[in-house]
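Below is one structure; the comments refer to it alone.
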Amino acid sequence: MGRHDVRRREALVWEMPQTGSMRVPAMLFGTEAALAAMEDGVFAQLRNVASLPGIAGQALAMPDAHTGYGFPIGCVAAFDARAGGVVSAGGVGFDIGCGVRTLVSDLDREDVEPVRESLADRLYDAVPAGLGAGGRLRLSDRDMDRMLAGGAAWAVREGFGQTGDLPRCEEGGTMPGADPAGVSAKARERQRDELGTLGSGNHYLEVQHVEKIFDSRTASAYGLRPGQVVVSIHCGSRGLGHQVATEHMAAMLAAAPGHGLTVADPELAFAPIESPAGVRYLGAMRAAINCALAGRQIITHLVREVFAALFPGCRLALLYDVSHNTCKVERHAVGKSVKTLHVHRKGATRALGPGHPDLPETFREVGQPVIVGGSMGTSSYVLSGTEASEALSFASACHGAGRAMSRKQAAKRFSAKGVVAALAGQGITIRTHTLRGVAEEAPGAYKDIEEVAQTTHALGLAAKTARLRPLACIKG
DNA sequence: ATGTTC
């Protein structure tokens, strides 16, 4: 029961046929070498996902997939409520609403290079980061409810950002259907002073420059040009999302026998979409997504303050904000019919193609910006959504390089000081709250982003638009 | 990912 029955369907497409308890086949994407390097756990977890009630089409692993909690990270799976479909907290992940946003400036690399160290210091001081780090905001219970219902739109109303930012966020900056009352007192307490903080692990705030443009028409629609300075923010819902995930995984596990469901792997806890446990999770999950959106919006404001101090009058406009840990209700073609599905994207990015009605007018002709964050010190990519991804992956693409080894292995293998020095030699400034974190996030602990992006592009999951190179990176 | 093992 593993990878031995994986069949090559096309150059970059691999299928695990429907066998045993699987209700649908599973598909994986990558080169032969990438599949050979993929952890055994991905195949086993994908088989579990493909066995869940009500799954539609196929279970999918993106080119950056690696083993996760229940579902692989880099997994897309869609469920049909009318066919007994389920929702799984492990199918969204602990960091609910985690995502990336990229801001585009009117500065050139040459403007930033002379003050790179000072800019890194100021950003490090302005944006709280690290495990358990608190920020300057303290939310009352009433404000907490408003934040959980309003997301980035709430943050803009509170003075953090510009109304023009909102159309540039997935869902317009507010995830609908949130149930703030479903977020426990404990989850709220963990978040009380964490709003607008970066967190730790692979989260980062990076000043980058546009190193290469692959498609000038799309890049132009996105406002990207060679040499331009951009800022990317990668973070999620902090302690609140973690608490929501923890509580609901336990609740789903407890409720499973009542639905006549067996859960093979406790990490794979799930509940029928329309069951009380499913409904409660979805409401709380959407509130956590709003927490993540509000957080990225507040950090955007802090970054703009730093840039305004160093570069008076400079522009820092939001290109796009997109999550890669979500479950969303979307319409997709399955076989000959179009169905309403709960699409889980765990370590996978929504990638709507040209013409999709959910896209703002600006992106209607070229498709959605798909922001793919590299690991610390390596390139990131701006891709664009394609029409092909609808048939391939429920309009989804990769989310990053994907880990090639565990944090523990990486901490053993790499020296933090060595990593910082090596990156300095490449003209990349690192500011960090934890040296161990730097070793865990060493570029060598990740897959090659170039190969992941190329596979994604060649398959048509999303198209290469621009490559971003880091200048300065703030780590938690 | 995470008040880094409720």
Side-chain angles (χ1 to χ4, degrees), chain A residues 41 45 64-75 88-100 128-135 137-139 183-205 233-251 253-254 266-269 281 284-285 288-289 291-293 295-296 299 323-327 344-349 373 375-376 399-403 405-412 416 432-441 445-446 474-476:
Chain A
Q45 291 187 330
D64 53 335
H66 55 108
T67 313
Y69 192 96
F71 282 45
I73 295 164
C75 182
S88 170
V92 173
F94 275 100
D95 194 3
I96 298 167
C98 182
V100 191
L131 197 65
L137 276 170
R138 299 285 182 281
L139 295 192
V183 176
S184 72
K186 193 170 182 180
R188 288 158 181 262
E189 192 47 45
R190 287 182 67 170
Q191 185 63 26
R192 186 99 26 217
D193 66 349
E194 280 187 339
L195 199 59
T197 65
L198 202 54
S200 63
N202 69 353
H203 290 162
Y204 60 76
L205 161 60
I233 299 163
H234 176 207
C235 66
S237 53
R238 307 287 281 110
L240 183 143
H242 190 273
Q243 189 65 30
V244 167
T246 303
E247 291 171 8
H248 286 266
M249 280 174 190
L253 205 52
E267 296 184 353
L268 197 71
Y281 172 68
M285 177 205 73
I289 288 173
C291 174
L293 282 164
R296 290 194 288 275
I299 292 171
S323 172
H324 47 239
N325 280 4
T326 67
C327 174
H344 294 62
R345 293 192 183 89
K346 181 187 189 185
T349 311
S375 54
M376 177 182 59
H399 85 305
R403 291 201 81 90
M405 67 177 73
S406 71
R407 293 179 192 284
K408 203 171 182 178
Q409 284 175 305
K412 208 168 171 181
T432 179
H433 290 76
T434 147
L435 279 175
R436 184 186 163 92
V438 168
E440 289 178 350
E441 296 298 319
Y446 280 80
I474 314 300
K475 294 290 293 179

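Chain letters run A, B, ... following the sequence lines, proteins first, then strands; residues in each count from 1.
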How many whole angstroms separate atom [atom1] of [X] from atom [atom2] of [N]?
| X | N | atom1 | atom2 | value |
| --- | --- | --- | --- | --- |
| Glu247(A) | dT2(B) | CD | P | 16 Å |
| Leu131(A) | dT2(B) | CG | P | 7 Å |
| Phe94(A) | dT5(B) | CZ | P | 12 Å |
| Gln243(A) | dT2(B) | CD | P | 13 Å |
| His433(A) | dT4(B) | NE2 | P | 17 Å |
| Arg407(A) | dT4(B) | CZ | P | 14 Å |
| His203(A) | dT2(B) | NE2 | P | 5 Å |
| Glu194(A) | dT4(B) | CD | P | 11 Å |

side-chain hydrogen bond (donor to acceptor under 3.5 Å, both in side chains) partners of His66(A), counting only residues at least two apart: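 Listed in chain order: nothing, the list is empty.
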
5'-most contact on DNA chain B (nearest-nucleotide basis), Ser200(A) vs Thr246(A), goes to Ser200(A)

Salt bridge flag under 4.0 Å for residues Lys186(A) and Glu189(A): no

Going by side-chain contact (heavy atoms from CB on, under 4.5 Å), name the residues that satisfy it together with Glu440(A), two or more places apart in sequence or in a different chain. Arg407(A), Ala411(A), Arg436(A)

Which part of the nucleic acid, if any, lies within contact of [X], taking any heavy atom under 4.0 Å across all strands shown: a base, the sugar-phosphate backbone alone, or nothing?
| X | value |
| --- | --- |
| Glu189(A) | nothing |
| Gly201(A) | sugar-phosphate |
| Gly239(A) | sugar-phosphate |
| Lys186(A) | base |
| Arg238(A) | sugar-phosphate |

Check: His433(A) side chain, Lys475(A) main-chain N or O, donor-acceptor pair, under 3.5 Å: yes

For His234(A) and His399(A), test the side chains for any donor-to-acceptor distance below 3.5 angstrom and give the result as yes or no. no

